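Quick notes on the structure that follows.
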Amino acid sequence: MSDTHSSNAPANYDVIILGAGAAGLMCAIEAGKRGRSVLVIEHNDRPGKKILISGGGRCNFTNINAAPENYLSGNPHFHKSALARYTPAAFIALVERHGIAHHEKKLGQLFCDISSREIVELLQRECDWAGVTLQLNCRVAEVTKPGAFRVATNHGVFSSASLVVATGGLSFPKIGATDFGYRLARQFEVKVTTTRPGLVPVMFTPVERQAFAELSGISLDVEVSANEAVFRENLLFTHRGLSGPAILQISNYFDAGESFAANLLPELDATALLLAQRQSGKELKTVLAQHLPARFTQAWCERFAESKPMHRYSGEELAAIAGRLQRWEITPADTEGYSKAEVTVGGVDTNELSSKTMESRRVPGLYFVGEVVDVTGWLGGYNFQWAWASGHAAGQCA
């Protein structure tokens, strides 16, 4: 992948791609393989920064189960076409062609055995073979369209017939995430839906924090639900609130001020469990500690149900306690925000784009791919698969 400088760079390309992340590089590869002259503009000092830090440095690069129902979008049908045409199997074949050792961790999640760097290097090699030009440390000052697209940068002015916006969302501001893609969309009168942090930990209200902050580090196997979405995963207590896969997953499905529910005993019938102990002299917290961490049951009882010997509860009281154990309603004070979010929910309105090519219906030659689009996947490799699939779709046409 050649790095260009304005002194010797041709100003005109067939395709300019803004952003050298997963979607942008995949798009560049596909367009380059079609013989298009391609320039990728990246404001960071190296490509694929989000890829490098993903999956704890091992990059959860796809999910073998990725299907349309694993994604959230204002148009639930939009992403079907791209995902059907570039499948997890297609990306796995590419990974294997490059000799990258990988493994399935759980639930179809595929990770590199060694390092995320291998995925970035794969993309760079493919770009090299496709004749793609990469411009790093390149900041865009202005984009106009007098006829062709004209991109003014700190490395000079470039022009192209097609412009692909692959600038990502607002998550991970520490590695340079900005709202540039949304601003560019609005500049060209392409609608953008409301955005919010996704796959993000949540913060306790002051009351809940006082009750549960001391549990930091404790994990529970729970079933969480909100607005018809249900996930069975681990919940993790933090000093500030709740995290872990269960919380990240469900965070995509409720808005600020809304609540979600956690079933703390997903394998059991809590009512039957408590009624079976009704004649017992054991305390409630002792009974619950057979199924949940003791420190948690202590804190939970202090907050919701004064722990006393089981024979001192009425049947109605035990039924109410069981109900709360199987449907603990949690209304977070807030989320941890974009700094801790894995993705951005919302983005460029899918009704504005062709589902086959990712091209704007309003502005010929303008494409949007990856996280900047209003398509958000579950935790576990689904968002990378959307990046590959949407980038591939645009690269076939741009």
Side-chain angles (χ1 to χ4, degrees), residues 69 106-107 201-255 257-335 378-380:
E69 54 270 24
K106 61 171 186 174
L107 305 171
V202 300
M203 291 162 67
F204 283 137
T205 60
V207 172
E208 304 279 279
R209 191 169 176 179
Q210 191 174 0
F212 299 115
E214 292 302 308
L215 301 179
S216 181
I218 286 180
S219 179
L220 309 176
D221 171 22
V222 300
E223 186 178 84
V224 289
S225 56
N227 295 318
E228 296 181 21
V230 182
F231 295 96
R232 172 79 182 270
E233 281 269 23
N234 280 357
L235 169 156
L236 176 70
F237 286 88
T238 71
H239 291 297
R240 292 153 62 86
L242 297 172
S243 188
I247 298 303
L248 301 190
Q249 294 284 34
I250 207 64
S251 72
N252 281 0
Y253 290 88
F254 63 87
D255 286 319
E258 293 183 344
S259 62
F260 67 96
N263 180 351
L264 301 172
L265 297 168
E267 293 283 311
L268 301 169
D269 177 338
T271 305
L273 171 77
L274 296 182
L275 289 177
Q277 297 283 338
R278 195 167 164 205
Q279 306 309 317
S280 164
K282 288 179 188 168
E283 281 211 15
L284 172 65
K285 65 183 179 187
T286 309
V287 172
L288 295 179
Q290 292 171 345
H291 306 279
L292 292 160
R295 278 175 58 211
F296 169 74
T297 62
Q298 170 84 35
W300 196 87
C301 289
E302 284 173 12
R303 172 80 177 92
F304 293 122
E306 177 204 352
S307 183
K308 53 191 180 186
M310 294 297 288
H311 60 74
R312 289 178 51 197
Y313 291 102
S314 68
E316 290 77 20
E317 285 173 320
L318 290 177
I321 292 166
R324 180 158 246 160
L325 286 164
Q326 300 215 276
R327 193 173 173 82
W328 177 19
E329 292 275 354
I330 302 163
T331 308
D334 203 349
T335 71
W378 289 3
L379 182 72

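Computed from a predicted model, the values in this text were never measured in an experiment.
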Might you work through the side-chain contact (heavy atoms from CB on, under 4.5 Å) test for T335 and S251, ending with a clear yes or no? CA-CA 8 Å; T335 71; S251 72; 5.7 Å; no
Provide the full list of salt bridge (charged side-chain N to carboxylate O under 4.0 Å, His left out) pairs with a residue in residues 208-230, sequence neighbours left out, each pair given once.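 Found E208-R303, D221-R232.
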Applying salt bridge (charged side-chain N to carboxylate O under 4.0 Å, His left out), which residue pairs with at least one partner in residues 310-326 are found, sequence neighbours left out?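 For residues 310-326: none.
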Measuring only between side-chain heavy atoms, which start at C-beta, is [X] closer than 4.5 Å to [Y]?
{"X": "P332", "Y": "F254", "answer": "yes"}
{"X": "I250", "Y": "N252", "answer": "no"}
{"X": "S219", "Y": "L235", "answer": "no"}
{"X": "F204", "Y": "T238", "answer": "no"}
{"X": "N234", "Y": "V222", "answer": "no"}
{"X": "L273", "Y": "L265", "answer": "yes"}
{"X": "R278", "Y": "L318", "answer": "yes"}
{"X": "F260", "Y": "I247", "answer": "yes"}

Say you draw a straight line from OG1 of T205 to CD1 of I330; how long is it, rounded to the nearest 0.5 Å?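 Those atoms lie 10.0 Å apart.
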If I take atom CZ from residue R327 and atom OG from residue S225, how far apart are they, to the nearest 0.5 angstrom?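 The CZ atom of R327 sits 5.0 Å away from the OG atom of S225.
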More than 12 heavy atoms of other groups within 6.0 Å of H311 NE2: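 Count over threshold, so yes.
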Short question: side chain of [X], backbone of [Y] - any donor-acceptor pair under 3.5 Å?
{"X": "N227", "Y": "Y253", "answer": "yes"}
{"X": "T297", "Y": "A294", "answer": "yes"}
{"X": "Y313", "Y": "K308", "answer": "yes"}
{"X": "Q326", "Y": "G323", "answer": "no"}
{"X": "Q249", "Y": "E233", "answer": "no"}

Please tabulate, for side-chain N and O atoms in residues 282-293, each donor-acceptor pair with protein atoms closer than 3.5 Å (sequence neighbours left out).
unit_1, atom_1, unit_2, atom_2, d
E283, OE1, S307, OG, 2.8
K285, NZ, Q298, OE1, 3.1

For the side-chain contact (heavy atoms from CB on, under 4.5 Å) test, which of L107, L379, L236 pairs with P245?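 Only one of L107, L379, L236 forms a side-chain contact (heavy atoms from CB on, under 4.5 Å) with P245, namely L379.
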Using 30° and 60° as the class limits, which term best fits the ring planes of W328 and F304: parallel, tilted or perpendicular?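 W328 vs F304 ring planes: perpendicular.
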Hey, can you tell me if F296 and F212 have their rings parallel, tilted or perpendicular (30° and 60° cut-offs)?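 If you compare the ring of F296 with that of F212, the planes turn out parallel.
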Please report the shortest heavy-atom distance between P309 and G281, naming the atom on each side.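 Reported closest heavy-atom pair: CB-O, 3.6 Å.
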Test log, rule side-chain contact (heavy atoms from CB on, under 4.5 Å), inputs V224 and V230: CA-CA 6 Å; V224 289; V230 182; over 6 Å; no
